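Throughout, protein chains are lettered first and strands after them, A, B, ... in sequence-line order, and every chain is numbered starting at 1. The structure presented is a predicted model; accordingly, all values stated were derived computationally and were not measured.
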Amino acid sequence: MSEKELGQKWDRCLADCAVKIGTGLGVGIVFSVVFFKRRTLPITFCTGLGLGMAYSNCQNDFKSHYVLHSTIAK
Amino acid sequence: MLRVCWKGARAAARQCVCAKVTGQPLQHCRRYTTAGESGSTAGKIVAASLLTVGGGVSGTILYAKWDPKFRANVEKSIPYSDQLFEMALGPPPPPLVPLQKKPAKLEPLQISSLSEASKESKQPKAKAKKSDPAPLAAVEEAPAPPAPKTFEEASAEAAHIISALSEVPSVPAPGTSDETAPEPPVPASPAEECKECSHPEPVLKERSADEVTARLAQQDKAEHDALMALTAGLEETLGSTAKVTLQSIGAQEVALTAIAAHTNKIKEAMDSQTPPDKKSSQWRELNEAMSERTRAVDEAGEALLKAKEELEKLRSVINYAKGSKIHAARPQILAAEENLHNMIVDLDAVVTKVQNAQTEATIVSQYSELVNEAKVQFQKELASITPEIQANWKGLTGKLSADDLNALIAHAHRRIDQLNRELAEQRVREQIHIETALEQQKLENKKAVERAVISALEHSHEDMRLEQEKKMEEVREVMEAEMRTQLRRQAAAHTDHLRDVLKVQEQELREEALEILNSKVMEQETRYRRLTQEQLDTFTLDMNSAYARLKGIEEAIDSHVIAEQEARKAHHLWLSVEALNYTLRSAGADSPTEPLDGAVCAIKERCAENEFAQALAGAIPDESLSRGIYSEASLRARFYDIRRLARRVALIDETRNSLYQYFLSYLQAVLLFEREQEAPPTKLRPEDLHTFKLLAYATYSIERGDLELAAKFVNQLRGESRRVAQDWLKEARLTLETKQVISLLSAYANATGLGTTQAP
């Protein structure tokens, strides 16, 4: 169903977002703990990385339909 | 606009309130005032109106009582006023009839009215009451019909009545001049009475022929009877009158002779040459004669009176007979009149003779008286002169002395002188007396002559009249005889003519009858032939028609067979289409229907030879065949999801599809308020083609059950909204297609079914 597609997309998006933000958070926490003396910088940075990746993913996902695919004519 | 409204409302409210406030006190006042004065004013008004109305009504009634014309007018113009008047005044007076006083007075004396009807109706009554004296009967039976009569008629009637009253012997109802039926004093036959009793109404309708003949016969009989009665009466009266007249004439003649004898006797007695001894006997005879004469004269007078009475009676009978107008009696009447006349003439002659004799006798008696008187005087004188000498001095001639003689002679001389003087005087006077007597005599003669002339004229007049009537009678008889001969001749001619005419007519009629007979016979023959021919024709016609009908029936049956086959096929088709429709209904809420494959195959099988059906069945999309289609309800429900989603992603299309755009789109969807449903216009404008408007139109359409239009609107979506609605659209398209085909099929099946079941 075409109408479910959007929902699915959002689900994927949110799931991905959660994963990525979680992962980012985790990595950030690890990094901040391991490498950066418990500064919040790596946390926020990695969270932000995660969020950004998620956002980008979401966007790409939503845009996927409209992206023009080109092929090189041989 | 709001302010205007608010102002208007305020103004209205103010008006209302003011009106209420101001209205109430006025009403209060009005009510107060009317309440205060209502009693007296209303009462006055009511009383005044009642008075006026009552006065008007009573005035009208009084005037109507006085003037009946006004009453009639009012009754005519106002509907129920006649009842009111009747209650108040009694029934209206009868319409005035212009009768005058005299006829009203005379009516009770009428014996009969002028109309024949009452005369006829009274005839039986008159005949029944014949015994009563006529005037009383007339008075009793006068119903006095109030027919308006003129004064002349009434007076004529009065004259009739008076004349009728004078004719005492049974005279019922004298009629008018046109009397055809004389009322005979004979009892009418009961048949006549009954007949006339049964015609009381105005008898101006014709009587039937036998009635007429009967009446005529009765009339003749009545006439005859009347004639007999009249003649009998006439003869009787004639006889009696003649007898009495003869008696009187005899008496008169006796009187005449008595008078003559008496006169002679007196003359003889005057004659002094009779011897004295016969004087006394003479005087006695004279007295006898005188008494006889008086007696005879009296008798004659009585007889004359009687004769005159009888003559009057006879005259009245003759007049009555004349009045009854029976022609057959005329000669007798004439004869009676003649006799009457003769008798009158004789009587008059004898009476004149007697009168003459009487005058002579008076003269003679006067003379005798004078003579006697002179004698007595002379004797007295003589006695005075010679007292001692007695009456009879003739026997004393010897005893007289000279003195006596001388005295006697002197006396005689004196007497003579005196007588001479008297004589001279008398002569002179005589002359005068004679002249006067002559003149008197002349006068009397003239009178007598006149009387004689008049009576002679009358007699001659009567004679002439009688002669004339006799002549008339003769002429009439002659004429009658001639007329009878002529009539006989005419009758003979008429019978001859009739005989000839009858012969000719017989011929003609015979020929005519033969002709008619022939024509009728021919007619009958032709009719018979025609009827037989008609029968044959009808029979052949019937046979032909029956044969044709049979043929027709066979054809019809054959065609029916064909039609039935067609009908069966159509029925099959219809059934299969119905089955297809039924499968359509098997769609659940979200699940599609059963695959339509089965039903469509069934259709294809059933209608193998029906190209149209085959084509249509082939036109159904495969998807619906294999998978089935969604129902409209599920599509509808799904649409709302689509709608929501489409609203949310309204801004997203190929150019805008970042997440931020998604966020904006979502924000727009949340903040944009619009009508959920909007009626789509007939013509779409370009600015209508944005998502929200389209969705509104589509919602409206789908709510009204128009899936097609909704699909059309959804088809106009662009961008992400379209992508979202894609599947729905596809499903909708599928459903619509299938439904279209199926509806076509069912319509076709219905049409064929209808076409075959209703045979042309």
Side-chain angles (χ1 to χ4, degrees), chain A residues 1-32 35-36 39-74, chain B residues 589-592 623 627 629-630 634-666 669 691 695 698-699 702 710-711 714-715 717-735:
Chain A
M1 300 288 157
S2 57
E3 62 263 24
K4 294 203 171 92
E5 198 186 308
L6 200 65
Q8 286 165 0
K9 275 188 189 168
W10 276 112
D11 290 342
R12 277 205 301 271
C13 180
L14 280 170
D16 191 41
C17 197
V19 161
K20 289 207 168 40
I21 289 170
T23 311
L25 195 69
V27 167
I29 287 170
V30 162
F31 269 24
S32 100
F35 298 115
F36 289 96
R39 273 216 277 227
T40 52
L41 180 73
I43 296 169
T44 52
F45 181 68
C46 284
T47 311
L49 262 177
L51 188 67
M53 278 199 286
Y55 183 87
S56 178
N57 255 358
C58 260
Q59 199 162 303
N60 274 342
D61 193 6
F62 279 122
K63 271 187 187 176
S64 63
H65 179 73
Y66 296 106
V67 166
L68 290 168
H69 294 282
S70 58
T71 53
I72 299 167
K74 288 206 174 112
Chain B
D590 280 324
S591 58
E623 193 62 41
R627 195 206 55 180
I629 53 173
Y630 282 93
S634 60
L635 281 172
R636 217 172 118 242
R638 211 167 130 185
F639 175 77
Y640 283 103
D641 292 333
I642 302 293
R643 182 171 171 275
R644 212 166 357 103
L645 271 176
R647 280 182 88 239
R648 279 201 208 134
V649 296
L651 273 176
I652 311 297
D653 61 11
E654 357 3 85
T655 50
R656 306 191 181 120
N657 45 24
S658 62
L659 268 179
Y660 176 61
Q661 295 294 335
Y662 271 92
F663 167 69
L664 283 179
S665 180
Y666 276 161
T691 312
L695 284 173
T699 319
I702 213 166
V714 166
N715 197 28
L717 288 169
R718 296 278 171 264
E720 191 63 29
S721 317
R722 190 194 180 80
R723 255 174 33 94
V724 154
Q726 199 70 31
D727 265 348
W728 184 89
L729 201 54
K730 192 176 107 214
E731 287 301 324
R733 221 180 261 141
L734 200 65
T735 309

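- Within the model, atoms OH of A/Y66 and CG of B/D653 stand 6.5 Å from one another, a figure rounded to the nearest 0.5 Å.
- Looking at B/E720, the atoms closer than 4.5 Å to chain A (heavy atoms on both sides) sit in the backbone and in the side chain alike.
- Of the two parts of B/R644, neither the backbone nor the side chain holds a non-hydrogen atom closer than 4.5 Å to a non-hydrogen atom of chain A.
- More than 12 heavy-atom neighbours from other residues, nucleotides or ligands sit within 6.0 angstrom of CZ on B/R718.
- Contacts of B/A725 with chain A are made by backbone atoms alone, with heavy-atom separations under 4.5 Å and no side-chain atom involved.
- By the neighbour-count criterion of 12 heavy atoms within 6.0 Å, atom OH of B/Y640 is densely surrounded, having more than that number from other residues, nucleotides or ligands.
- Contact annotation for B/L659: both backbone and side-chain heavy atoms come within less than 4.5 Å of a heavy atom of chain A.
- Distance CZ/A/F62 to CG/B/N657: 10.5 Å, rounded to 0.5 Å.
- Other residues, nucleotides and ligands contribute over 12 non-hydrogen atoms within 6.0 Å of the CZ atom of B/R627.
- For the atom pair NZ of A/K63 and CD of B/Q661, the computed distance is 9.0 Å after rounding to the nearest 0.5 Å.
- Formation of a donor-acceptor pair under 3.5 Å by the B/Y662 side chain with backbone atoms of A/Q59 is not found in this model.
- With chain A as the partner, the residue from B/R638, B/E731, B/R648 showing the most heavy-atom pairs under 4.5 Å is B/R638.
- Note: A/L6 CG to B/S721 OG = 10.0 Å, rounded to the nearest 0.5 Å.
- In this structure, CD in A/E5 is found 4.5 Å from CZ in B/R723, a value given to the nearest 0.5 Å.
- Summarising the geometry of B/Y660 relative to A/Y55, their closest heavy-atom pair is N-OH, 3.6 Å, with the distance given to 0.1 Å.
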